[in-house]
Amino acid sequence: MTYKIPESILVVIHTTELEVLLMERADRPGFWQSVTGAKDSADEPLFQTAMREVMEETGIRIVADAPTQGHEVPAKRLRDWGIANVYNIYPQWLYRYAPGVTKNTEHVFGLLVPRGVPVLLEPREHLRYMWLPYREAADKCFSPSNAEAILQLPRFA
């Protein structure tokens, strides 16, 4: 078994109106979250992890050049907020990590997208999505670190 690396990203996808994209987990119905995901390799840059996870989970592609399609956004709209959360891994997910690993470091990013950007969920990961004003989105998150990141949105938007 290949174990997950205990270093991950959290991407708060939002509009200029401070509406936040939340997705409902397929493996835990009722659990709503932003884009999250672990590094694929220890040397994968965090920006690359964030870009990959956003594409995999939402179908939104972050591109270096000017967007040419509705599901693309420029890379300059992906920002590292400089926040790193260290937390205990939820017991139900410990099996994904090497024996003895109990903590994860999560790096927080924000991604500004245009209102109405198409979202295409990965059905093995998420059941449905919704856009909510940021305070409502924070209240709906199951993860305290995700909720706290969303509440920081006005500082970074």
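Reckoned from all heavy atoms, side chains included, excluding hydrogens, waters and symmetry mates. Residues take their numbers from the sequence shown, with the count starting at 1.
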Less than 4.5 Å apart, any side-chain heavy atom of [X] and any of [Y]?
X: F156; Y: I83; result: yes
X: S34; Y: L21; result: no
X: E53; Y: T36; result: no
X: W32; Y: C141; result: no
X: L22; Y: W131; result: no

Consider only side-chain N and O atoms of [X] and [Y], and report whether a donor and an acceptor are under 3.5 Å apart.
X: Q33; Y: S143; answer: no
X: N88; Y: T102; answer: no
X: E7; Y: T105; answer: no

May I ask you to decide if I5's main-chain N or O and K39's side chain share a donor-acceptor pair within less than 3.5 Å?
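Side chain of K39 to backbone of I5: no pair is present.
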Polar side-chain atom of E72 near backbone of Q69 as donor-acceptor pair, under 3.5 Å:
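Side chain of E72 to backbone of Q69: a pair is present.
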Do the rings of Y90 and W93 sit parallel, tilted or perpendicular, given the 30° and 60° boundaries?
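Ring orientation of Y90 relative to W93: perpendicular.
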Does atom CZ of R52 have more than 12 heavy-atom neighbours from other groups under 6.0 Å away?
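It does: R52 CZ has more than 12 such atoms within range.
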Do the side chains of M23 and V113 join up, straight or via other hydrophobic residues, at under 4.5 Å, putting them in one cluster?
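Linked within one cluster.
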Single hit among H126, K140, R128 for side chain to side chain donor-acceptor pair (under 3.5 Å) with E24
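Going through H126, K140, R128 one by one, the side chain to side chain donor-acceptor pair (under 3.5 Å) with E24 is satisfied by R128 alone.
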Go through the steps to decide whether F109 and V35 satisfy the test side-chain contact (heavy atoms from CB on, under 4.5 Å), and finish with yes or no.
CA-CA 10 Å; F109 289 77; V35 169; over 6 Å; no
